[in-house]
Structures are given as C-alpha cells and as structure tokens.
Protein chains: 2
Amino acid sequence: MRKVAESTVRRLSLYLRFLEEFAARGVATVSSGELASRGGTTSAQVRKDLSFFGSFGKRGMGYAVPEMVAQLREILGLARRWRVALLGAGKIGSALIEHRGFRERGFDIVAVFDQDPRKIGTAWNGLTVQDEAGLEAALRRAPVEIAILAVPSDAAQGLADRLTGLGIAAILNVAPVQLVVPPHVEVRTVSLAMELEGLSFALTNR
Amino acid sequence: MRKVAESTVRRLSLYLRFLEEFAARGVATVSSGELASRGGTTSAQVRKDLSFFGSFGKRGMGYAVPEMVAQLREILGLARRWRVALLGAGKIGSALIEHRGFRERGFDIVAVFDQDPRKIGTAWNGLTVQDEAGLEAALRRAPVEIAILAVPSDAAQGLADRLTGLGIAAILNVAPVQLVVPPHVEVRTVSLAMELEGLSFALTNR
DNA sequence: GTTTGTGAAACGATTCACAGCT
DNA sequence: AGCTGTGAATCGTTTCACAAAC
C-alpha cells in the first residue's frame, strides 16, 4: 500500500469531511461524482484515490456513507488519539489551543512550552505553560508523537533539532522557514505569508 | 511566461527568504547549490525554477544576491502593495492582524469585519471592526484585492459568494472547507487540521 | 441503466547531463 | 575549473475509457 501521493492524502481529508456532513444529514450512499463536485475534483480522481486502499464501493450504487467514514478514519490514522505538544504560547499558539477542532479530530494538546518568563506558569485551557528550557525533561516524562512549532522563524530550527533529538515523529511547522530534519521525521509547513505570496504571483501574472 | 507550477511559486517564496537572509549578512553572490541545500531541493530544481522567468545568474559565479532579491520580488508581485480585508475577528484573525510580517511583505490589512455585535465597533490595531452586513458597501467604497477568510467553516462559502459578487480577485481561506468560486477568483486554502491529518497518515502508514 | 475499479494514455514535474559562459 | 541554462529522459500524477458488478 506504500507510495501514496501527498495530494491524494489531502483529498482524502476533504472526502472525510464531506462524508461526515452527509452522515450528519442521514444520507446513506454517495457516488464518486457527488464527492468530486463537492471537492473540486473529478469522479475518476476520487475512485483512483480510494483504489490505493481497497474497493469500498458498490457498482451502480456508490459508497455507503457510514462505512466509508469509518474506513477513511482508519486509513488516515484517526481511529486513535495523538498526543501533541505546542511550542510557542504566542498569539498563533493561543488561537490554536483554543480551537476545539483539533481535539474533536483526535489531536490532544497535552503540553505547552514557551520561553518568555512572563508566560511560563500561566494557565492555558487547563494546561500550564512550561519553560522551553525543560522541554527534554518534560517530553521524556510524557512523550508526544507530534509537535506544533508556533515560534518565531529564527527559533524554529533550533527547536526542531531538539525535538529531533527527543525522537519526535512529526512536526507541524507554522513558520515561514524550511526545516532541516532527518528523513524519519515527518514535517509539514504551513505559512500564511507564503500562501499570500502565491496569490500575489497569481494576480500579477495574468 | 505562462504555465508555472504552484510548487515552483512556493519554492520561489522560499528562495526569496533565503536571499534576504544572505543579503542581510552582506553575502554578494550565491550558487544554485547553496540555495538548494537551504531549501531542501536540488540545484537543478533551483535553476529550472528561475529559468521560467529569464536568466539571472553568471556562469561560474552564481547569482548576485541583491539583484536576485529584487527580481524575485518583481516576479512574485511584491514590488507593490496589496490591500487586504480580514473577515472574522476571532482568535485566528486576531493572531493574523497583529502579525507584522504581512505588512512587511506588502500586504496591508485595511479592513476587518465580523458578525458578532460585541466585536463590531471595537478597535483593532488602528482599525475598527465593521459589521459583516455592511461588507458590500464598505468594500465598494474602499476595494481590496485580497480577502482573508478566517470565519467558521459553515460561514465560509456564503462569504466567499458575497466576495465573488464584489469582484474580489483572491481569497486566502483559513477554514477546512473547499470553496467553490468562479475560475477567475484565486483561492488558497490553509488548514492546520488537514495538515495534522496528513501527518497522522504518514505516521500510521510506515 | 448506473457507477465502480483499473489498466493505458496523456499530461506535468523533476532529475539528468552536458554544452556554453565566465 | 566552476556554475549556469536547458533540452532530453525519467518519474509521478491525473485523466480517459471501458469491462465488470449491481
């Protein structure tokens, strides 16, 4: 089952959201075409995406919504919970932790770190902000699989190195820098600024 | 010059950042290889990316840093300023507007809208939060090129439709939904939740 | 008749490799 | 000698199109 494109996985996330909506409205089955029109792709793309993982549909019928939801959750690794550490208790971090959507989808933020003495020790949605200096000790005591890096750009790589040393499995980087990490660490970078530049380019060149 | 891949543009944004760092440190020239190692690509990729827009380097020498910075700014459409409206004065929107990085890169948030009566009229970094109901009037009086949609998922499509009606050129969508818009409207969607799911998949399947 | 699942074809992006400048 | 610029080759993704299942 190896060798699934990142673009495919992104679409699977979208399909899951649509299917959950359909499920909430009590829809029993859905066709690849319906899924496609909601997600801005084609029916062939939907079927190809799913075909990497098995065959879930009934010819002439489409896909059974609740079953498909369960399958996609399984495929995406959302049938379990993930422990997440948040690094950086600034505005962005703050917006993240209070966003209940993460918890609903299986991601539990179990620790928050910052380097600012004024923030250390303060309460945060049931958590206490810990000193970044104690990162190693804290994460060895209570390991996490994923870290969200919401710190200034110039601090990101240093923290990524420390996380790598701790054996972190994945990093979600919210800074407009390219992190250098060993190949066994999964990294996704999300940068509003870079997306805005993409829009700027698109608007300029046409 | 048409037909540049989105992945290419994203890398150009990265190159620009590295080049700005090099410029700040007074480095005069840089080779495709140096640029590549900082950005996680290959030297051939760097050269190919740039080749879409002309030839900027000197064989045997590399690229002149300050000139290259100016060129990339031009290419990305950052040699001008863009007017941006922020829709949604919640936590995420709040984090965004106070993030000075946008202004530094040429994106001026000139209006903020929300639908919550408790927020309307309050001051926000020199701006006053306006009633979402008055979106059309306000944006006709003072148009913007780009809108950042930082509202709950279920409100996103409705606002996208209203923005489209106003002739908006581009939308940066910060909600985990796929927006349906006419082809002349550029959309980029950024969803932390979906990236986390990508990490979940990667960790599960290996 | 409808819709899936999937090889094959088409398309697009990346990597290779080398000629041509400096 | 070093490094760019770029066609050609390779690799990966998307689209096509149709046989098989319901």
Side-chain angles (χ1 to χ4, degrees), chain A residues 1-15 18-19 22 27-69 71-72 75 178 183 198 201-202 205, chain B residues 1-15 18-19 22 27-69 71-72 75 178 183 198 201-202 205:
Chain A
M1 192 260 275
R2 205 55 8 92
K3 216 84 271 287
V4 178
E6 219 168 281
S7 50
T8 295
V9 178
R10 213 179 302 274
R11 284 191 300 267
L12 292 179
S13 282
L14 269 178
Y15 302 156
F18 301 151
L19 285 161
F22 284 127
V27 179
T29 64
V30 81
S31 71
S32 56
E34 293 169 291
L35 229 33
S37 65
R38 294 283 276 96
T41 24
T42 65
S43 61
Q45 180 78 80
V46 172
R47 296 198 301 276
K48 185 62 101 185
D49 286 341
L50 295 175
S51 77
F52 289 112
F53 305 96
S55 32
F56 307 105
K58 275 213 181 52
R59 293 167 197 237
M61 298 277 106
Y63 302 87
V65 172
E67 284 79 350
M68 202 66 242
V69 166
Q71 290 284 1
L72 278 179
I75 290 166
Q178 184 76 10
F201 174 85
N205 300 278
Chain B
M1 194 259 275
R2 204 58 6 94
K3 216 85 272 284
V4 178
E6 218 168 283
S7 50
T8 294
V9 178
R10 212 179 303 273
R11 283 191 300 268
L12 292 179
S13 283
L14 268 179
Y15 303 156
F18 300 151
L19 286 161
F22 284 128
V27 179
T29 62
V30 81
S31 71
S32 57
E34 294 170 291
L35 230 33
S37 64
R38 294 282 277 98
T41 24
T42 65
S43 60
Q45 180 79 79
V46 172
R47 296 197 300 276
K48 184 62 100 191
D49 287 341
L50 296 174
S51 77
F52 289 113
F53 305 96
S55 31
F56 307 106
K58 276 212 180 53
R59 291 165 198 236
M61 298 277 106
Y63 303 87
V65 172
E67 284 80 350
M68 202 65 242
V69 166
Q71 290 283 1
L72 279 178
I75 290 166
Q178 184 76 11
F201 174 84
N205 298 279

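Throughout, protein chains are lettered first and strands after them, A, B, ... in sequence-line order, and every chain is numbered starting at 1.
Distance CE (B/M61) to P (D/dG5): 13 Å, rounded to an integer number of Å. Note: CZ (A/F56) to P (D/dA21) measures 19 Å, nearest angstrom. Distance CZ (A/R47) to P (D/dT14): 15 Å, rounded to an integer number of Å. What separates CZ of B/F52 from C1' of D/dT6 is a distance of 11 Å, to the nearest Å.
Along DNA chain C, the stretch of nucleotides lying under 4.0 Å from any heavy atom of chain B spans, 5' to 3', C/dA13 to C/dT22.
Phosphate contact (OP1/OP2 of D/dG2, side-chain N/O of B/Y63, threshold under 4.0 Å): absent.
Interatomic distance, CZ of A/R47 versus OG1 of A/T42, reported as 8.0 Å (0.5 Å rounding). Between atom OH of residue B/Y63 and atom CG of residue B/L50 there is a gap of 5.0 Å, rounded to the nearest 0.5 Å. With rounding to the nearest 0.5 angstrom, the CG atom of B/L14 is 11.0 Å from the CG atom of B/L72. Taken from OG1 in B/T41 to OH in B/Y15, the straight-line distance is 4.0 Å, to the nearest 0.5 Å.
Between A/S43 and A/A36, the closest heavy-atom pair is N-CB, 3.5 Å.
Counting non-hydrogen atoms under 4.0 angstrom, A/S43 reaches nothing in the nucleic acid. Within the nucleic acid shown, A/S7 comes within 4.0 Å of sugar-phosphate atoms alone, with no base atom in reach, counting heavy atoms only.
Judged by closest nucleotide on DNA chain D, A/D49 is the one of A/R59 and A/D49 placed further toward the 5' end. In terms of position on DNA chain C, the residue among A/S51 and B/R11 whose nearest nucleotide sits closer to the 5' end is A/S51.
Applying the salt bridge (charged side-chain N to carboxylate O under 4.0 Å, His left out) criterion to A/E6, with sequence neighbours excluded, gives A/R10, A/R188.
Listed candidates were D/dC22, D/dA8, D/dC3. Nearest to the side chain of B/K48 is D/dA8.
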